[in-house]
Amino acid sequence: MRKQIAAANWKMNLTLQQAEQLTDELLAAGISLKEDQLAIFGVPFPYITKIREKLEGTSRLYVAAQNCSANKNGAYTGEVSAEMLNSIGLKYVIIGHSERREYNHEDNALLAKKVDIAFENGLQPIFCCGEPLQIRETETQNTYVETQLNESLFHLSAEQMKNFIIAYEPIWAIGTGRTASNEQAQEMHAHIRQVLASKYGAEIADTVSILYGGSVKAANAKDIFGQPDVDGGLVGGASLIATEFAAIIASLK
Ligand code: PGA
């Protein structure tokens with residue numbers, strides 16, 4: 001069975017002390033994950049090492065970076081490379097979040113480079129895609145998302161696509177309290193899997209974890225994660241509250 005994943009995206013929130021407290025509270029909540037389930041914490045760069053230390057001795061709990069540079073190394077002040085992340089033992093990196101696409105002008109071609117450099121450095125990308133409201137309103141979201149996948153991911157080999165992680169996040173649902181309906185989520189996730197299948201074959205497509213993101217909370221997680229093609233969630237706001245995120249983890253299939 002493909003992995004069921006609860007991924008937290010802390011974004012640019014929390015001081016170190018608050019981040020440590022949140023982690024302690026989550027661990028105290030007694031999270032239990034089955035063999036094919038995992039939780040990944042997308043924490044700010046300065047806290048990666050500290051939070052990883054806190055998770056030592058636990059199982060199925062991982063830390064992710066929220067971004068990495070498309071460049072290998074050199075004169076890029078303020079950037080963090082995939083090689084650096086690998087050198088501190090990290091395994092996951094979020095790539096292509098809609099906020100970075102919007103505020104940092106990251107386009108599909110740049111994200112393809114980031115995905116490659118992540119793989120070259122032993123990092124598994126958690127690749128985000130999803131349409132803005134005006135695209136949804138014209139009902140062209142399927143081709144929009146297909147183009148994102150095509151231009152950023154479809155140069156990858158079947159071996160790289162195996163067990164890949166995609167997060168579908170309709171932009172109109174992020175931080176708005178407005179969640180896609182279970183049907184809307186399932187429809188898009190099934191579409192993504194079908195597009196993957198036509199490119200890589202059904203067997204590979206079946207191994208890809210497709211997470212839903214956009215106002216996931218404890219109250220709606222079980223319904224959304226219960227959809228056949230939804231393999232967990234990428235969670236922003238609700239991941240900052242220990243009891244909420246613990247309940248979201250407990251909602252995984
Ligand atoms: P949200 O954010 O859960 O606060 O809507 C999701 C995300 O941006 O990954």
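All ligand and atom numbering here is 1-based and tracks the order in the structure.
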Quick one: do the Asn121 and Glu83 side chains pair a donor with an acceptor below 3.5 Å? no
Here the atoms of ligand 1 under 4.0 Å from any heavy atom belonging to Gly175 are 1 (P), 4 (O), 5 (O)
If we ignore angles and hydrogens, is there a donor and acceptor under 3.5 Å between the side chains of Gln17 and Gln21? no
Any idea which atoms of ligand 1 are less than 4.0 Å away from a heavy-atom of Asn9? 9 (O)
Are any of the heavy atoms in Gly213 under 4.0 Å away from ligand 1? no
Under 3.5 Å between some N or O of ligand 1 and some N or O of Gly214? no
Would you mind checking which non-hydrogen protein atom is closest to atom 3 (O) of ligand 1, with the distance to 0.1 Å? Gly236 N, 2.8 Å
Would you say the side chains of Gln124 and Tyr62 form a donor-acceptor pair under 3.5 Å? no
Say whether Trp10 and Leu90 are linked into one hydrophobic cluster, either directly or through other cluster members, by side-chain heavy-atom distances under 4.5 angstrom. yes
Report, in ascending order of atom number, the atoms of ligand 1 lying under 4.0 Å from any heavy atom of His97. 7 (C), 8 (O), 9 (O)
Which residue and non-hydrogen atom of the protein lie closest to atom 9 (O) of ligand 1, and at what distance in Å? Glu169 OE2, 2.6 Å
What class does the angle between the rings of Tyr212 and His189 fall in, given that below 30° is parallel, 30 to 60° is tilted and above 60° is perpendicular? tilted
Using distance alone, decide if ligand 1 has a nitrogen or oxygen within less than 3.5 Å of any nitrogen or oxygen in Thr176. no
Residue Leu234 vicinity, atoms of ligand 1 by number, heavy atom under 4.0 Å: 6 (C), 9 (O)
Answer with yes or no whether Ala173 contacts ligand 1, where contact means a heavy atom under 4.0 Å from a ligand atom. yes
Could you check atom 4 (O) of ligand 1 against the protein and tell me its nearest heavy-atom contact, residue, atom and distance included? Gly237 N, 2.9 Å
If we ignore angles and hydrogens, is there a donor and acceptor under 3.5 Å between the side chains of His191 and Glu146? yes
Is the ring centre of Phe41 less than 6.0 Å from the ring centre of Tyr47? no
Looking only at the side chains, is there a donor atom on one of Lys114 and Asn67 sitting less than 3.5 Å from an acceptor on the other? yes
